[in-house]
Amino acid sequence: MLWFEREVVGALIESPDQTLRSAVESFVDGSLRSMPEHLRAGVVGESLLLGTFVSGLRRVGRLTPGDRDGLLRHLDSWETSRIGVLRSYVRLMKSLVVFAENELALEGAG
């Protein structure tokens, strides 16, 4: 998983349980790694572009490093963007995180 993907996943995970958080990150990492190369290349490209944008915002002081709520606001705005690939990127990451968080929490409870 790329650094920005890890940051996005970390922001999207709602559970404070560190064991579950680590398991979700591992699941998302494995899911991204198992994507066909042509799909993964697109996700990598978006991660690099969006990560560069977020880094730029941090450099100019418009987003504080480690500001989970600020990153979530950007993700929310990208999810409702008119640009389809932005919407798809956020939906992909959210879907992987929500699925893993719910499934892995159920496994841990059982």
Side-chain angles (χ1 to χ4, degrees):
M1 201 169 9
L2 299 175
W3 69 270
F4 185 67
E5 294 167 344
R6 188 170 309 282
E7 191 171 335
V8 168
V9 168
L12 291 172
I13 297 172
E14 293 184 7
S15 175
D17 178 10
Q18 191 55 46
T19 303
L20 179 58
R21 293 180 71 82
S22 294
V24 170
E25 280 188 18
S26 293
F27 174 84
V28 173
D29 183 39
S31 296
L32 292 173
R33 286 177 189 269
S34 67
M35 284 181 148
E37 288 181 27
H38 65 284
L39 293 177
R40 181 64 180 134
V43 175
V44 165
E46 286 181 271
S47 294
L48 293 174
L49 287 172
L50 295 173
T52 301
F53 176 73
V54 167
S55 290
L57 290 176
R58 288 180 176 148
R59 267 189 228 108
V60 298
R62 294 193 56 210
L63 185 63
T64 307
D67 179 8
R68 177 181 184 260
D69 292 333
L71 181 56
L72 288 173
R73 281 192 299 276
H74 281 286
L75 292 171
D76 287 342
S77 72
W78 295 338
E79 189 175 22
T80 58
S81 170
R82 288 187 277 164
I83 302 170
V85 293
L86 280 177
R87 287 192 314 266
S88 296
Y89 180 84
V90 177
R91 289 177 184 167
L92 167 68
M93 299 306 265
K94 278 188 173 182
S95 295
L96 290 172
V97 168
V98 168
F99 176 80
E101 197 166 17
N102 287 303
E103 288 297 311
L104 295 171
L106 288 175
E107 285 178 14

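No experiment lies behind these values; they were computed from the predicted model shown. Scope of the values below: all heavy atoms of this structure, side chains included, with no hydrogens, waters or symmetry mates.
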Closest non-hydrogen contact found for Leu20 with Ala105 is CD1-N, 3.8 Å
Check: Do Leu48 and Met93 belong to the same hydrophobic cluster, where Ile, Leu, Val, Met, Phe, Trp and Tyr are linked whenever their side-chain heavy atoms lie under 4.5 Å apart, directly or via other members?
Finding: no
Same hydrophobic cluster for Val85 and Phe53, using side-chain heavy-atom links shorter than 4.5 Å among ILVMFWY? yes
Are side-chain heavy atoms of Leu96 and Leu32 found at a separation under 4.5 Å?
yes
- prompt: Is Ser31 close to Phe27 at the side-chain level, that is, under 4.5 Å between some pair of heavy atoms?
  reply: yes
Please check if the number of heavy atoms outside Glu37 that lie under 6.0 Å from its CD is greater than 12.
no
ask   = Transitively linked via ILVMFWY side-chain contacts under 4.5 Å: Trp3 with Val90?
value = yes
side-chain contact (heavy atoms from CB on, under 4.5 Å) filter on Leu72, not counting sequence neighbours, yields Ala11, Leu12, Arg68, Asp69, Leu75
When every non-hydrogen atom of Gly70 is compared with those of Asp67, the smallest separation belongs to N-OD1, 3.0 Å
To the nearest 0.5 Å, atom CG of Leu71 lies from atom CZ of Arg73 at 9.5 Å
Item to complete: In plain terms, say whether Arg40 and Glu5 are close enough for a salt bridge, that is, a side-chain N and a carboxylate O under 4.0 Å apart.
Response: yes
The reported gap from NE2 in His74 to CD in Glu79 (rounded to nearest 0.5 angstrom) is 15.0 Å
Shared hydrophobic cluster for Val44 and Val8 (ILVMFWY, side-chain gaps under 4.5 Å):
no
request  = Could you tell me whether the side chain of Leu86 reaches within less than 4.5 Å of the side chain of Leu50, counting heavy atoms only?
outcome  = yes
Grouping I, L, V, M, F, W and Y whenever their side-chain heavy atoms are under 4.5 Å apart, do Val97 and Phe99 come out in a common cluster?
yes
All heavy atoms of Ser47 vs all of Leu2, minimum pair found to be CB-CD1, 3.9 Å
Quick one: are Met35 and Leu92 in side-chain contact, heavy atoms under 4.5 Å?
yes
Find out whether Tyr89 and Ile83 are in side-chain contact, i.e. whether some heavy atom of one side chain is under 4.5 Å from a heavy atom of the other.
no
Between the CG atom in Asp76 and the OG atom in Ser81, the distance rounded to the nearest 0.5 Å is 12.5 Å
Exercise. Report the C-alpha separation of Lys94 and Arg91 in whole Å, then their side-chain angles, then the decisive distance to 0.1 Å, and conclude whether the side-chain contact (heavy atoms from CB on, under 4.5 Å) test is met.
Key: CA-CA 5 Å; Lys94 278 188 173 182; Arg91 289 177 184 167; 5.7 Å; no
| task | Using atom types as modelled and distance alone, determine if a side-chain donor or acceptor of Asp29 lies under 3.5 Å from a backbone N or O of Glu25. | result | no
In terms of heavy-atom contacts, Val9 and Met1 come closest through CG2-SD, 3.9 Å
Would you be so kind as to tabulate the donor-acceptor pairs closer than 3.5 Å made by side chains of residues 57-66, with sequence neighbours excluded?
unit_1, atom_1, unit_2, atom_2, d
Arg58, NH1, Glu7, OE1, 3.4
Arg58, NH1, Glu7, OE2, 3.1
Arg58, NH2, Glu7, OE2, 2.2

